[in-house]
Amino acid sequence: MRGREARPPRRGQVRGDVSLLVHVNGRLVPESEASISVFDRGFLFGDAVFESMRAVAGTVFRLERHVARLRRSAEGIGLEALPPPATIGAGVAGLLRGNALLDARIRVTVTRGPGRPGDYLDAPGPPNVVMSATPFTGLDPVHHERGVAIAVPRRRQIPPAALDPSIKSTSRLNLVLARREARAQGGFEAVLLDADGCLTEGTASNFFLAATGRLFTPPVPEGVLPGVTREVIIVLARAAGIDVAEEPIPASRLLDAEEVFLTNTSWEVLPVVSVDGRSIGGGRPGPMARDLLRRYRDLLRRECGGG
């Protein structure tokens with residue numbers, strides 16, 4: 001008896017060689033056809049900004065906060081003619097629908113537009129706006145259950161006077177090199193020091209340290225990105241009665257740390273159990289990180305209707 005023929009995948013569904021759809025300057029196109037000029041300034045100089053977001057059950061968590069930060073980043077580099085928030089929101093919604101995605105990781109990138117090699121100033125424009133989405137799978141659960149190792153690399157954070165850390169730009173070579181250094185030392189992530197030897201942030205994450213029942217995180221003006229997840233965790237921690245201090249954290253404070261964890265959109269609250277080979281919290285995730293991860297996931301479900 002003949003078996004049932006396989007149903008062909010829907011357009012935009014990830015299966016075999018079928019690509020996802022990408023939103024390029026207002027149009028949804030197959031991934032293989034998504035392109036911008038090789039003279040785009042984002043490609044030539046990293047002259048671009050971006051946002052990473054997460055959709056749960058078809059709803060983007062804190063969309064308005066991400067779009068507001070994208071606009072601040074664009075203003076920070078003098079990038080004009082950014083689409084209004086409603087247009088960006090509609091584009092993200094259309095991207096999710098077009099790809100039949102409910103749980104997704106979304107990236108919105110805005111470049112200054114086409115330019116010419118060697119010309120640092122002039123961009124005829126208009127900006128290029130590219131939105132992409134992939135199914136959200138999250139980290140292997142073992143990372144949350146057992147924690148991860150991190151390293152403090154020799155490479156330092158770029159000073160705020162050179163590049164404002166609140167600008168989420170695509171110029172990330174220093175972070176790529178720092179992460180490579182950390183990986184060579186067996187680290188999952190790198191957390192960078194500033195010129196004064198204080199801890200700032202990871203290459204893709206914000207940094208938290210718990211000691212004597214208090215929670216510490218570096219202040220935004222000192223060289224860290226104002227992470228949306230960071231902001232949520234600070235609010236959740238204070239609501240749970242935890243004293244949260246936003247202040248410079250000398251690297252020496254790691255010696256007294258009872259817990260360390262990282263936050264970002266994809267990693268949520270990620271416990272750290274060793275730094276540069278030195279155990280943190282006895283080498284096990286601590287209760288504060290576990291509790292805040294639970295509270296964060298509860299909030300995601302409440303706001304996004306994920307069950």
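From a predicted model like this one, the values you see are computed outputs, not experimental measurements. What you see below is based on every heavy atom in this structure, not just the backbone, and it leaves out hydrogens, waters and symmetry mates.
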side-chain contact (heavy atoms from CB on, under 4.5 Å) test vs Thr265 passes for just one of Arg62, His66, Glu51, Met53, namely His66
What do you reckon, is CZ of Arg284 surrounded by more than 12 foreign heavy atoms closer than 6.0 Å? no
Less than 4.5 Å apart, any side-chain heavy atom of Gln185 and any of Asp276? yes
Say whether Arg107 and Thr109, considering side chains only, have a donor N or O and an acceptor N or O under 3.5 Å apart. yes
Quick one: are the ring centres of Tyr120 and Phe45 less than 6.0 Å apart? yes
So, do Arg290 and Leu293 sit near enough that their side-chain heavy atoms are less than 4.5 Å apart? no
Measure the spacing between CG of Asn264 and CD1 of Ile233 and express it to the nearest 0.5 Å. 11.0 Å
For atom OH of Tyr296, decide whether the heavy atoms of other residues, nucleotides or ligands shown that lie under 6.0 angstrom number more than 12. yes
Hey, is Arg214 close enough to Glu258 for a salt bridge, meaning N to O under 4.0 Å? no
Side-chain touch Pro127/Arg112, heavy atoms, less than 4.5 angstrom: no
Over 12 foreign heavy atoms within 6.0 Å of CZ, Arg65: no
Within the structure provided, determine whether Ile234 and Phe208 are in side-chain contact (heavy-atom separation under 4.5 Å). yes
Could you state the interatomic distance from OG1 (Thr200) to CG (Leu225), rounded to the nearest 0.5 Å? 11.0 Å
4.5 Å side-chain heavy-atom contact, Leu96 and Val60: yes
Quick one: CG on Leu254 to CD1 on Ile249, what's the gap to the nearest 0.5 Å? 8.5 Å
State, yes or no, whether a side-chain contact exists between Val108 and Val67 at a heavy-atom distance under 4.5 Å. no
I need the single residue from Val24, Val22, Val92, Leu21 that forms a side-chain contact (heavy atoms from CB on, under 4.5 Å) with Met131. Which is it? Val92
So do the side chains of Val129 and Pro83 get within less than 4.5 Å of each other, counting heavy atoms only? yes
Near Glu80 CD, under 6.0 Å, is it more than 12 heavy atoms from other residues, nucleotides or ligands? no
Ignoring hydrogens and geometry, is there a side-chain-to-backbone donor-acceptor pair from Arg69 to Ser166 under 3.5 Å? no
When rounded to the nearest 0.5 angstrom, what is the spacing between CG in Leu300 and CZ in Arg297? 9.0 Å
With side chains defined as the heavy atoms from C-beta onward, is the minimum distance between Pro219 and Pro248 less than 4.5 Å? yes
To the nearest 0.5 Å, how far apart are OG1 in Thr263 and CG in Leu270? 9.5 Å
Looking at CG of Leu215 and CG of Asp243, how far apart are the two atoms once the value is rounded to the nearest 0.5 Å? 9.0 Å
Quick one: do the Glu189 and Thr203 side chains pair a donor with an acceptor below 3.5 Å? yes
For this output row, return yes or no: ring centroids of Phe188 and Trp267 closer than 6.0 angstrom. yes
Would you say that more than 12 heavy atoms from the other residues, nucleotides or ligands in this model lie under 6.0 Å from the CZ of Arg294, or not? yes
